[in-house]
There are 2 protein chains.
Amino acid sequence: MPESPFRTRPGRNAATPGASMSGPEAEERVVSAVVEAILGHRIAPGTRLIERELANYAGASRSAIRNGLLTLAHAGLVELSPNKGATIAMCSPEEARQIFEARIVIEASVLDILARTLDEAGRARLDAFIDEEHAAYEAGRMEEARHLSRRFHLLVAELSGNDVLTGFVRDLINRQPLLSWTREVRQSRFCGNDAHKRIVEALARGDGAEAARLNTEHLRELERELRTDRESALKTVGAEDADEVPRPRPG
Amino acid sequence: MPESPFRTRPGRNAATPGASMSGPEAEERVVSAVVEAILGHRIAPGTRLIERELANYAGASRSAIRNGLLTLAHAGLVELSPNKGATIAMCSPEEARQIFEARIVIEASVLDILARTLDEAGRARLDAFIDEEHAAYEAGRMEEARHLSRRFHLLVAELSGNDVLTGFVRDLINRQPLLSWTREVRQSRFCGNDAHKRIVEALARGDGAEAARLNTEHLRELERELRTDRESALKTVGAEDADEVPRPRPG
DNA sequence: TAAGTAAAGATTGTCAACAAAAATTGGAAC
DNA sequence: GTTCCAATTTTTGTTGACAATCTTTACTTA
């Protein structure tokens, strides 16, 4: 069984390595493995991805890996430089700001659309989702809670019925974990506050402007938290265990 | 000299075929050739792209072509289906609606940002651009005018300083020609009305809301024109010269 | 010790050939 | 004339090998 090419936390692997079967699934396997690893904060930005290692890991040929990396690069999750290879993308503070700005304006538009078109079925899905999210949080299943918290914004986009905007939102959400390279993001206010719930209530009232305002506030708070996390991480960067969290290699 | 793989209008080629040199430029050459051909309405949506033909045309190997097609697929310009190959993407009316909706909301946000941040240099660039656009229109250089007309919306995004949103706008604009498959889009109101000029004026006043409103109106009119073009094209589809405009092949 | 340099190793970029799948062609039956 | 089916051709998918490039290592020199 090939070893995971990602440095992982002890007892937690990036994904189950596939058999050595190849095919179009192999490409997807690599893509989703990398995405999952990024989302789970198991790879740090700047980590170099080596084609051959990924190929062995996924039981695929280098061509499939190459395609997968191209896909990831287009999604902004990895950076490709000619003759140098692929690394997990690193977001500068400025890029992070732009991503948040983009999320704010696009999600505001989506909420505005949704407030006008939300039907009973959609409302029911949102309510059920909020309950599920709350339950995960209450039960202390933090990883799941964080996952659902991200999914909420995607669900809102999906319900708006615009696949194009939904795709943009998905890309932006997937890049979120690149913005902070601390392993464990503070979860306190993630789902503790009922920001999502209040957004849904505004939507149910048909008040798109208020829903957008709440969402904007919510994202701004997230951005603030992230920035403080980032700053504190920079201060203590020398004290961490290099084996657990791979440091970005320059160049 | 290899023949163009695109059916072209007489006396007008998709691009100058490159020498048989290979390399990373080959991939870009194919990508830009296809993009240009789509933008110039020289390939119809649904046209099948055959790897070997593209390879001969661009003087590249199939690998490079394959990467290029993947890039184009990510941008939504071609569709890839396994074992079947690549075709120029076809937009359903619903997709077209979604693309316009996305443009409307994203460009509105961009204009809102820009109204607050536009400086003298930016203002000057916009004015110069408007002049250039007008000049091209007056001189009857229609292809250039159409090109500049699209570039205007991109320039606005660029000036907003948000690369993420700019990328989204670029993708959306590039897909525009897929929405109508008539060869010659009626140009009458494209640059004839001074929609762009009025948008810039609103921006200069710092009135982002008005700029956004004007832009939305502008895009809605474009969408209306496109829809009528599309409908009339559907009526006369049997009467056209099959050699000039390749019909989409089903499957 | 530090800096510079050349060899060795590792990694990516490219290609051509082969295998698998799909599209086309031709012909037979109705 | 139309429909079905098999053989052929075309096209895509995959692999492995080789060349070009970058990175590391080891060594020399100041």
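Below, chain A is the first sequence line, B the second, and so on; all start at residue 1.
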Just the rounded figure in Å: distance from C1' of C:dG13 to CD1 of A:Ile65.
16 Å

Do you know the tightest heavy-atom contact between A:Pro177 and A:His41?
O-CE1, 3.6 Å

Using side-chain hydrogen bond (donor to acceptor under 3.5 Å, both in side chains) as the criterion, list what pairs up with A:Arg141, not counting sequence neighbours.
A:Glu144

For a quick test of reading the model: is some side-chain N or O of A:Ser61 closer than 4.0 Å to OP1 or OP2 of D:dT14?
no

Do we see a donor-acceptor contact under 3.5 Å between the side chains of A:Thr71 and B:His74?
yes

Are B:Asn67 and A:Asn67 packed together at the side-chain level, in the sense that at least one heavy-atom pair is separated by less than 4.5 angstrom?
yes

In whole angstroms, how far is the P atom of C:dT11 from the CG atom of A:Leu80?
17 Å

Anything under 3.5 Å between a protein N or O and an N or O of nucleotides 9-12 of chain D, put it in a table, one pair a line.
unit_1 : atom_1 : unit_2  : atom_2 : d
D:dT11 : O3'    : B:Arg48 : NH2    : 3.3
D:dT12 : OP1    : B:Leu49 : O      : 3.4
D:dT12 : OP2    : B:Glu51 : N      : 3.2

Closer than 4.0 angstrom, basic N to acidic O: yes or no for A:Arg97 and A:Glu94?
yes

Specify whether B:Phe168 and A:Phe168 have parallel, tilted or perpendicular ring planes, treating 30° as the upper limit for parallel and 60° as the lower limit for perpendicular.
parallel

Round to the nearest Å and state the distance from A:Asn56 atom CG to D:dT15 atom C1'.
14 Å

